[in-house]
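When reading the values below, keep in mind they use all heavy atoms of this one structure, side chains included, and skip hydrogens, waters and symmetry mates.
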Amino acid sequence: RINKMITIKKEKKKINVKAILGIFLLILSGLILFAINAFYMSQQKVDNVVVFANDISCGSKISEKDITIKEVGVYGISTDFIKDKNKVIGKVAKADLMQGDIAFSSKIGKPSLTKEEIAHKGMCIVTIDVSIAESVGTHLKKGDKVGVVSVRENEELGKYVSLLLDNVQIFSVDNSQGNDATSKEAKEGQASETIPTQISLILSKENCVKVIDEKANGTIHLIYEGGK
């Protein structure tokens, strides 16, 4: 009788273990199905976002006719996509944008200051000549930030280099005709129209004097420090 009771207890214990294991497997399978369904649903996720209706060249101002609202799949793309047209209209392209591209906040920026706004802020514009062999002029565009480097030479020190200014904003990049060398029109014209010959910088009056002095007594180079 004692052996029989021990056998019954063992069988009950086995049944309990099997029941617990069965419940665990049911919960696990439920979690797996939930995860699979959530993953599938995320892949199907769509949203109404701003999409460019036209090609827009880098530095160009974006108008209402250049954009539209479209429902697109947003799984796996950057989360800085824009849903509100008003957050795009009036901004400028920080890169060449193609028709059908989604509008991302990282691809657009604030328009550069106008001459009137610059004057109102008590600042000025200084233009320097561009030497293609000695600067990054062909890679710059309106709104970029640059550092101004001075190269001078004297009898004691010989030739020496110093950083004159940094975080300076470019007002314009012009070709030999005085037109924007980075514009869509320049790119569609002759190759010479995209070659910058002058770059204008937005500076305080004090720094304007510094740059003019360096132009007269040394050589100026520009180093790229970033976009808008």
Side-chain angles (χ1 to χ4, degrees), residues 38-127 136-147 166-175 178-189 193-194 196 199-204 207 222 224-228:
F39 177 73
Y40 176 77
M41 292 301 293
S42 68
Q43 287 187 310
Q44 305 302 311
K45 185 179 180 182
V46 296
D47 211 334
N48 292 316
V49 302
V50 178
V51 174
F52 294 104
N54 303 307
D55 293 344
I56 302 172
S57 59
C58 181
S60 297
K61 196 170 184 178
I62 302 168
S63 65
E64 188 170 6
K65 65 181 179 61
D66 294 319
I67 57 176
T68 186
I69 297 292
K70 187 176 179 182
E71 186 179 75
V72 299
V74 295
Y75 174 75
I77 69 172
S78 175
T79 56
D80 68 335
F81 56 83
I82 301 173
K83 301 170 65 175
D84 185 355
K85 278 186 174 183
N86 293 323
K87 293 183 178 180
V88 180
I89 297 170
K91 300 292 180 66
V92 296
K94 295 171 69 174
D96 288 334
L97 304 171
M98 306 299 292
Q99 181 182 5
D101 284 352
I102 295 173
F104 294 100
S105 57
S106 58
K107 296 293 185 181
I108 62 175
K110 294 180 180 179
S112 299
L113 296 172
T114 64
K115 288 183 288 186
E116 292 74 15
E117 289 171 333
I118 292 169
H120 181 72
K121 289 177 177 286
M123 304 179 77
C124 60
I125 300 171
V126 170
T127 300
V136 291
T138 53
H139 304 286
L140 298 175
K141 61 184 181 298
K142 183 176 182 177
D144 280 349
K145 297 293 181 65
V146 295
D166 67 351
N167 200 36
V168 175
Q169 186 174 348
I170 292 177
F171 177 74
S172 65
V173 179
D174 300 322
N175 56 28
N179 299 319
D180 185 357
T182 64
S183 67
K184 183 178 180 180
E185 291 75 15
K187 292 177 181 178
E188 292 175 348
E193 294 182 16
T194 63
I199 292 179
S200 297
L201 308 175
I202 303 173
L203 299 166
S204 67
N207 287 335
L222 299 179
Y224 176 72
E225 293 184 339
K228 293 181 183 178

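Of all non-hydrogen atoms in Lys107 and Leu97, the two that sit nearest each other are CB-CD2, 4.1 Å. Residues Val173 and Leu140 approach most closely at CG2-O, 3.9 Å, considering heavy atoms. The two residues Lys142 and Phe171 make their nearest non-hydrogen contact at CG-O, 3.1 Å. Annotation for Cys124 and Ile118: closest pair N-CG2, 3.9 Å, computed over non-hydrogen atoms. In terms of heavy atoms, Lys61 sits closest to Val92 at CA-CG1, 3.9 Å. Among all heavy-atom pairs drawn from Ile62 and Ala93, the shortest one is CD1-N, 4.2 Å.
Under the 4.5 Å side-chain criterion, counting only non-hydrogen atoms from C-beta, Ile69 is in contact with Val50. At least one side-chain heavy atom of Asn48 sits under 4.5 Å from a side-chain heavy atom of Glu71. Thr127 is not listed as a side-chain neighbour of Asp174, based on a closest heavy-atom distance of 4.5 Å or more.
The CD1 atom of Ile199 sits 8.5 Å away from the OG atom of Ser172 when rounded to the nearest 0.5 Å. Atom OH of Tyr224 and atom CG of Leu222 lie 13.0 Å apart (nearest 0.5 Å). Note that CD1 of Ile202 and CD of Gln169 are 4.5 Å apart. Values are rounded to the nearest 0.5 Å. Interatomic distance, CG of Asp80 versus OG of Ser105, reported as 3.5 Å (0.5 Å rounding).
Scored by the salt bridge (charged side-chain N to carboxylate O under 4.0 Å, His left out) test, Lys83 finds Asp47 as partners (sequence neighbours excluded). Residues satisfying the side-chain hydrogen bond (donor to acceptor under 3.5 Å, both in side chains) test with Asp166, not counting sequence neighbours, are none. Partners of Ser204 under the side-chain hydrogen bond (donor to acceptor under 3.5 Å, both in side chains) rule, at least two apart in sequence or in another chain, are Asn207.
The 12-atom threshold is not exceeded at NZ of Lys70, counting heavy atoms of other residues, nucleotides or ligands nearer than 6.0 Å. Atom CD of Glu64 sits in a sparse spot, with 12 or fewer heavy atoms from other residues, nucleotides or ligands closer than 6.0 Å.
Panel note: side chain Asp66, backbone Ile56; no donor-acceptor pair is recorded below 3.5 Å. Formation of a donor-acceptor pair under 3.5 Å by the Glu225 side chain with backbone atoms of Lys145 is not found in this model. Here the side chain of Asn54 pairs a donor or acceptor atom with the backbone of Lys65 at under 3.5 angstrom.
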